[in-house]
Enquirer: 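I have a structure here, written as structure tokens, and I will follow up with some questions on it.
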Amino acid sequence: MKFNADEIASVIQQEVEQFASQLDVREVGTVLEVGDGIARVYGLSGIMAGEMVEFPGGITGLAFNLEENSVGVIILGDYLKINEGDEVKALGRLLSVPVGEAVVGRVLDPLGNPLDGKGPVHTTERRPVETIAVGVAQRHPVCEPLQTGIKAVDAMTPIGRGQRELIIGDRKTGKTAIAIDAIVNQRDSGVKCFYVAIGQKDSSVAAVIKKLEELGAMEYTTVIVAGASAPAPLQYVAPYSGTSMAEYFMFKGQHALIVYDDLSKQAVAYRQLSLLMRRPPGREAYPGDVFYCHSRLLERSSKLSNELGGGSLTSLPIIETLEGEVSAYIPTNVISITDGQIYLQPDLFFAGIRPAMNAGISVSRVGGAAQIKAMKSVAGGLRLDLAAFRELEAFAQLGTELDAATQSRLDRGYRMVELLKQPQYKPMPVAQQVLSIYAGTRGHLDKIPVTDVARWEREFLQFVDDRHADLLAEIVQKGALTDELQDRIKAAIAAFQQQFKPTATGA
């Protein structure tokens with residue numbers, strides 16, 4: 001049997017060219033100790049801060065503390081399955097989450113794994129969880145309104161696309177309700193919504209998801225859940241994951257809204273991790289960089305310049321206070337980062353004034369730039385008037401005699417408070433809000449009994465809808481109240497006043 005030397009040489013050459021090394025060169029370390037969601041690892045001397053590592057069983061972790069002889073790793077999974085002496089591999093990449101249209105309408109955990117039983121998230125694109133916010137030159141000033149559908153918010157503390165408006169108040173004062181109403185109101189606006197639940201009870205989150213589904217809002221909403229039973233590392237990572245998913249749409253030139261519910265729970269999770277890592281505690285035992293933890297998150301919300309597509313990411317961070325203490329460490333930190341706050345007061349909430357917004361402390365630092373001209377013209381002095389009314393009301397309770405002018409201001413204040421009440425899940429279109437507030441601020445309700453104000457508004461808006469639908473369309477189209485338009489509104493109010501019958505008991 002003869003062999004052809006050339007043939008053998010060509011086969012060998014082909015094999016050599018196709019040979020791929022099976023060696024997997026990675027840095028490997030050993031677990032020194034593990035517990036409470038963190039592990040100390042020896043041997044990963046070349047690891048980067050924030051790099052991912054893998055434990056046996058596919059459990060991942062994140063390099064959190066780079067020390068001289070070891071690396072502190074936060075474990076993104078079940079730390080009870082990790083033992084001392086286990087091998088740890090550095091993965092050479094940063095933590096990332098799936099992004100794109102596939103995440104819309106889903107309920108996910110902070111790593112992008114589905115929790116809703118609807119199968120895997122089919123997307124090829126991923127974004128790092130931590131990215132640097134766009135710089136000043138790449139931003140455009142906030143100039144477009146983001147309508148929440150809540151009269152008190154849209155009139156007194158307007159929110160613009162690309163703004164960060166803090167919702168702050170004690171527990172059970174309606175903070176989540178305002179955020180959910182804002183999501184529900186985005187139904188036909190093309191805004192993609194993201195709701196990040198951090199440290200919330202699973203039953204509360206399930207109720208929110210059920211309500212969003214009932215109202216048809218889950219079609220454009222993504223819910224990221226790191227519940228009260230989730231490990232602290234997942235609660236810490238959750239807001240960043242949600243922001244990465246929302247940023248995808250912002251950089252595509254679209255608009256997104258993200259709700260962090262709530263950042264005080266995230267700060268507590270971060271404090272827990274930092275103390276376990278032996279980082280020095282500061283005020284209220286929080287680490288010194290807890291401000292940076294929130295600022296690098298909230299700075300990612302912005303309105304991009306036209307060159308970058310003009311997309312926007314609006315954020316509504318929620319902070320829970322204890323006994324109304326807005327001067328505590330985390331509340332003051334987040335107030336200083338955001339562009340305004342909506343402060344919800346327990347006294348008002350329990351008095352049935354909902355949303356329980358304190359007009360004196362609540363503010364929007366974007367102001368009229370986030371309102372249509374029609375709303376700006378009818379609600380210009382409303383916030384200051386209501387704040388003055390609260391002071392006047394406190395003074396009137398002393399039982400002193402009031403002159404006629406003061407009494408009339410007080411009476412109008414009571415009617416405006418009644419007018420700004422709004423039930424949950426009933427967002428109102430901006431044109432209807434303009435009509436409603438116009439009637440109140442221009443004195444058309446002064447003769448209506450306070451108990452009849454809500455019924456007057458409801459019936460009046462129905463009357464306008466039936467007989468003067470063109471009026472609503474024109475407000476939306478023009479965005480401003482011309483003299484001719486104001487005359488037509490006055491005529492509509494006058495026509496309605498003639499047919500409105502106050503209740504005999506109204507006072």
Side-chain angles (χ1 to χ4, degrees), residues 50 93-106 108 110 112 121 123-148 158-166 179 182-183 185-196 220-222 224 237-260 263 292-317 334 336-340 364-372 479:
R93 56 189 168 86
L94 299 173
L95 180 61
S96 63
V97 287
V99 297
E101 293 289 346
V103 304
V104 178
R106 302 299 301 269
L108 309 170
V121 177
T123 178
T124 52
E125 292 191 67
R126 297 181 75 86
R127 274 183 72 83
V129 161
E130 295 264 13
T131 55
I132 296 171
V134 293
V136 178
Q138 285 88 44
R139 294 177 185 236
H140 189 284
V142 174
C143 58
E144 289 176 79
L146 182 122
Q147 305 293 351
T148 62
I159 300 170
R161 290 181 176 178
Q163 190 178 340
R164 300 150 301 180
E165 182 81 3
L166 172 65
I183 289 175
N185 198 51
Q186 305 312 310
R187 183 177 293 137
D188 301 316
S189 63
V191 175
K192 297 283 190 295
C193 300
F194 293 81
Y195 177 75
V196 185
Y220 52 86
T221 304
T222 306
I224 295 100
V237 164
Y240 301 103
S241 300
T243 308
S244 290
M245 292 178 194
E247 271 180 335
Y248 169 85
F249 295 101
M250 175 175 80
F251 286 112
K252 281 270 186 282
Q254 298 177 37
H255 302 285
L257 166 69
I258 188 163
V259 174
Y260 307 109
L263 287 186
Y292 175 58
C293 169
H294 285 152
S295 62
R296 75 174 190 267
L297 169 71
L298 292 166
E299 279 300 317
R300 288 162 71 178
S301 299
S302 63
K303 171 92 172 84
L304 295 183
S305 64
N306 295 331
E307 291 75 36
L308 288 178
S312 72
L313 173 56
T314 311
S315 58
L316 297 177
V334 182
S336 66
I337 298 165
T338 49
D339 310 312
S364 169
R365 297 193 186 105
V366 171
Q371 282 177 314
I372 62 168

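Reckoned from all heavy atoms, side chains included, excluding hydrogens, waters and symmetry mates.
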Enquirer: So, applying side-chain contact (heavy atoms from CB on, under 4.5 Å) with Gln371, which one of Ser364, Pro158, Pro145 is it?
Expert: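 Going through the options one by one, the only one that passes is Pro158.
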Enquirer: What heavy-atom pair brings Thr243 and Ile258 nearest, and what distance separates the two atoms?
Expert: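 Scanning both residues, the minimum pair turns out to be N-CD1, 3.6 Å.
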Enquirer: Ala102: what forms a side chain to side chain contact (heavy atoms under 4.5 Å, CB included) with it, not counting sequence neighbours?
Expert: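 For Ala102, the residues satisfying side chain to side chain contact (heavy atoms under 4.5 Å, CB included) (neighbours in sequence not counted) are Val121, Thr123.
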Enquirer: According to salt bridge (Lys or Arg N to Asp or Glu O under 4.0 Å), who are the partners of Glu299, at least two apart in sequence or on a separate chain?
Expert: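 Glu299 satisfies salt bridge (Lys or Arg N to Asp or Glu O under 4.0 Å) with Arg139, Arg164 once adjacent residues are dropped.
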Enquirer: How long is the gap from CZ on Arg106 to OG1 on Thr221, to the nearest 0.5 Å?
Expert: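 It is 14.0 Å, given to the nearest 0.5 Å.
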Enquirer: Could you go through the side chain to side chain contact (heavy atoms under 4.5 Å, CB included) check for Ile159 and Leu316 one step at a time?
Expert: CA-CA 9 Å; Ile159 300 170; Leu316 297 177; 3.7 Å; yes
Enquirer: To check you understand the geometry: which heavy-atom pair defines the closest contact between Met245 and Val99, and what is its length?
Expert: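 Reported closest heavy-atom pair: CA-CG1, 3.8 Å.
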Enquirer: Identify the heavy atoms of Ile224 and Gly242 that sit nearest to each other, and give their distance.
Expert: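 Scanning both residues completely, I find the closest heavy atoms to be CD1-CA, 3.8 Å.
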Enquirer: Which of these, Thr222, Leu108, Ile183, sits in a side-chain contact (heavy atoms from CB on, under 4.5 Å) with Phe194?
Expert: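 Of the listed options, the one satisfying the test is Thr222.
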Enquirer: Which atom names give the shortest non-hydrogen contact between Gly50 and Leu94, and what distance separates them?
Expert: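 Heavy-atom minimum between the residues: O-CD2, 3.5 Å.
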Enquirer: Under a 4.5 Å cut-off applied to non-hydrogen side-chain atoms, are Pro128 and Tyr240 in contact?
Expert: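 SC-SC contact between Pro128 and Tyr240 ruled out.
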Enquirer: How far apart are the closest heavy atoms of Ser244 and Val129, and which atoms are they?
Expert: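 Shortest heavy-atom separation between Ser244 and Val129 comes out as OG-O, 3.1 Å.
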Enquirer: Please determine which of Gln163, Gln186, His255 meets the side-chain contact (heavy atoms from CB on, under 4.5 Å) test together with Leu146.
Expert: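 Among Gln163, Gln186, His255, the one meeting side-chain contact (heavy atoms from CB on, under 4.5 Å) with Leu146 is Gln186.
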Enquirer: Please enumerate all residues that pass side chain to side chain contact (heavy atoms under 4.5 Å, CB included) together with Arg126, with sequence neighbours excluded.
Expert: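 Only Ser96, Pro98 meet the side chain to side chain contact (heavy atoms under 4.5 Å, CB included) criterion with Arg126.
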Enquirer: Pro317: which residues meet the side chain to side chain contact (heavy atoms under 4.5 Å, CB included) condition with it, sequence neighbours left out?
Expert: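 Partners of Pro317 under the side chain to side chain contact (heavy atoms under 4.5 Å, CB included) test: Leu166, Tyr260, Leu263, Leu298, Ser315, Thr338.
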Enquirer: Between the main-chain N or O of Asp188 and the side-chain N or O of Tyr220, is there a donor-acceptor pair closer than 3.5 Å?
Expert: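 Not a single qualifying donor-acceptor pair exists.
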Enquirer: Hey, is the main chain of Leu257 close enough, under 3.5 Å, to the side chain of Lys192 for a donor-acceptor pair?
Expert: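 Side chain of Lys192 to backbone of Leu257, a donor-acceptor pair under 3.5 Å: no, none is there.
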Enquirer: Which atoms form the tightest heavy-atom contact between Ser312 and Arg161, and what is the distance?
Expert: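 Scanning both residues, the minimum pair turns out to be OG-CB, 3.4 Å.
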Enquirer: For residues 244-253, which residue pairs pass the salt bridge (charged side-chain N to carboxylate O under 4.0 Å, His left out) check, not counting sequence neighbours?
Expert: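 Only Arg127-Glu247, Glu247-Arg300 qualify under salt bridge (charged side-chain N to carboxylate O under 4.0 Å, His left out).
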Enquirer: Has Thr148 got a side-chain atom pairing as donor or acceptor with Ala182's backbone, closer than 3.5 angstrom?
Expert: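 Checking the backbone N and O of Ala182 against the side chain of Thr148, no donor-acceptor pair under 3.5 Å is found.
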Enquirer: I'd like to check the side chain to side chain contact (heavy atoms under 4.5 Å, CB included) partners of Leu308; sequence neighbours left out, ordered by chain and number.
Expert: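 Leu308 satisfies side chain to side chain contact (heavy atoms under 4.5 Å, CB included) with Gln138, Leu304, Ser305 once adjacent residues are dropped.
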